[in-house]
Amino acid sequence: MDLQGELVEHPHAVYERLRRTAPVSRIAGTDGLPAWLITRYDDVRAALADPRLSLDKKNAAEGGYRGLALPPALDANLLNMDPPDHTRIRKLVGRAFTPRRVEQLRTPIRATADHLLDALGTAGTADLVAAYAAPLPIIVICDLLGIPEDRRPDFRSWTDALVVPDPDRPAAAKEAVVAMLGFFTELMAHKRARPADDLLSDLIAVRDGEGDHLSEDELMSLAFLILFAGYENTVQLIGNAVHTLLQHPEQSELLRKDPSLIPAAVEELTRYEGPVLLAIRRFPTEDVTIAGVTIPAGETVLLSPAAANRDPARFSRPDVLDFDRDTAGHVALGHGIHYCLGAPLARAETEIALAALLDRYPTLAPASPTPTWRPSLRARGLTTLPVHYNTHPPTPQPPTL
Ligand code: HEM
């Protein structure tokens, strides 16, 4: 198996080897072209915040990067930008996406989680990705943005087409982009005509109001990024967190007994099995030396938060799930000016998702011996998560002699 294949199959094992033997490695990137993969904690954290590493594709060497090409109306987003445009837009979105707005969402998020679990009933077998981890974030993000229920499309099929390209359907990603563009154009027109108390209406007011402006492309790209980023990673984090707890039943029991431990547990679960294997690709604006290796300007640099978060030089016994550990400084949500805008929401959703699930089902067990991970270099997430669940506690087993 080539390195790329190995990384998809066994990311943590390969990252362990790379951190030790080749912390700056030349690999085939997500577009199949050569890229530099950085895996040690100190290097990844420093590079995430290094202003010489640009997110703007115009700094890529000619012919050196052929990643996903979105139309300008979806591509003028924060993850393709450097200061000063990034600073301007991040400030504007900060005015609309406030911590108060996230706090107000906690009660409706819990209601949505309970509602999804009501639909599962008292006992049975289900795929928790399809029934719980995926619908919860899409409902939350659509509520936050103010996307009316009858206009919520099958966003999952679009994001899947972009994140996990299907080799048998090369046109699928392009079709998804066309569908998304149509959806957002129509949504913006609808919101302009009928503003409400939601994030999208507030962003439109910023766009159309006085002072620092958003261009129309920037507005639409921002809405797209918030919907996409707010959905995609959160599904994977909730799924990965539940999967990890199923592998550690004694730790799940601790959380059932004392739910006040859940926020610390979510931080550790995010470090241990966060969904972001690779941060957004970066392009050095000048030659940059990392761990003794000089990377020429314009080449593609891939930083791995997942590898950094299991670096024993930063976290002792990194492959052990330990809710008591100090997780401060983990980079699962990024670092520096591009630090995840939705971090408070991602944390709130994952905490509530776990609390509602553990509260409801004292019996929760895997229904499949092996997890099925999506084949992606970029994001770690499960395709399905089959579980047996029951609202009754497990029957005590007689002691074995
Ligand atoms: C578990 C869930 C999430 C994870 C693991 C995650 C992870 C990340 C990471 C690693 C970055 C930095 C990327 C880089 O520097 O290359 C980022 C940026 C971002 N995230 Fe998240 N995210 C999550 C949820 C969310 C949510 C719920 C939202 C919105 C509601 C969101 C919106 C954003 C945005 C807009 C950025 C770009 C910020 C900027 O460039 O200034 N994310 N996220």
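Just so you know, ligand 1 is whichever comes first in the structure, and atom 1 is the first atom listed for that ligand. Only heavy atoms go into these numbers, but all of them, side chains included; no hydrogens, no water, no symmetry mates.
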Protein contact to atom 19 (C) of ligand 1 [nearest heavy atom, distance to 0.1 Å]: Cys340 CA, 3.7 Å
Distance from atom 13 (C) of ligand 1 to nearest protein heavy atom, with residue and atom: Leu79 CD2, 4.0 Å
Residue-ligand contact Ala332/ligand 1, heavy atom below 4.0 Å: yes
Atom 27 (C) of ligand 1: nearest protein contact (heavy atom, Å): Gly230 CA, 3.4 Å
Pair His330, Glu267: side-chain N/O donor-acceptor within cut-off below 3.5 Å: yes
Close approach of Tyr231 to ligand 1, heavy atoms, under 4.0 angstrom: no
Heavy-atom nearest neighbour in the protein, as seen from atom 36 (C) of ligand 1, with distance rounded to 0.1 Å: Leu341 N, 4.0 Å
Pairwise side-chain contact, Asp43 with Leu303, heavy-atom cut-off 4.5 Å (strictly under): no
Step-by-step ring pair (Phe, Tyr, Trp, His ring centres under 6.0 Å) determination, His10 to Trp373: CA-CA 10 Å; His10 309 288; Trp373 297 102; over 10 Å; no
Within reach of ligand 1, part of Leu225 (heavy-atom separation under 4.0 Å): side chain
Within reach of ligand 1, part of Arg380 (heavy-atom separation under 4.0 Å): neither
Check: Ser304/Thr39 side-chain N/O donor and acceptor closer than 3.5 Å: no
Tyr272 six-ring centre to Arg310 NZ/CZ under 6.0 Å and within 45° of normal: yes
His335 to ligand 1, any heavy atom closer than 4.0 Å: no
Polar proximity ligand 1 side, Glu349 side, N/O cut 3.5 Å exclusive: no
For Arg90, atoms of ligand 1 separated by under 4.0 Å from a heavy atom: 38 (C), 39 (C), 41 (O)
Any donor-acceptor pair under 3.5 Å from Asn77 side chain to Leu74 backbone: yes
Contact partition for Leu333 relative to ligand 1, non-hydrogen atoms under 4.0 Å: both
Winner among His338, Met81, Gln236 once heavy atoms are compared against atom 12 (C) of ligand 1: His338
Protein contact of atom 15 (O) of ligand 1 - nearest heavy atom, named by residue and atom, plus distance: Arg282 NH2, 2.8 Å
Exam field: side chain Ser221 to backbone Ala73, donor-acceptor pair closer than 3.5 Å: yes
Non-hydrogen atom of Gly274 closer than 4.0 Å to ligand 1: no
Identity and separation of the nearest protein heavy atom to atom 1 (C) of ligand 1: Leu237 CD2, 3.4 Å
cation_pi(Arg325, Phe315) dist<6.0 Å, angle<=45: no
Within reach of ligand 1, part of Ile280 (heavy-atom separation under 4.0 Å): both
Beyond-backbone contact of Thr87 with Ile337, side-chain heavy atoms, under 4.5 angstrom: no
Student check: side-chain heavy atoms of Ile295 and Thr289 closer than 4.5 Å: no
Ligand 1-proximal atoms of Ile337, by part, heavy-atom distance under 4.0 Å: backbone
Exercise: do Asn59 and Thr285 side chains pair donor with acceptor under 3.5 Å: no
Side chains of Ser54 and Asp56, donor plus acceptor under 3.5 Å: no
Nitrogen or oxygen atoms of Thr234 and ligand 1 under 3.5 Å apart: no
Nearest-neighbour protein heavy atom for atom 30 (C) of ligand 1, which is reported as residue plus atom name and distance: Ile141 CD1, 3.4 Å
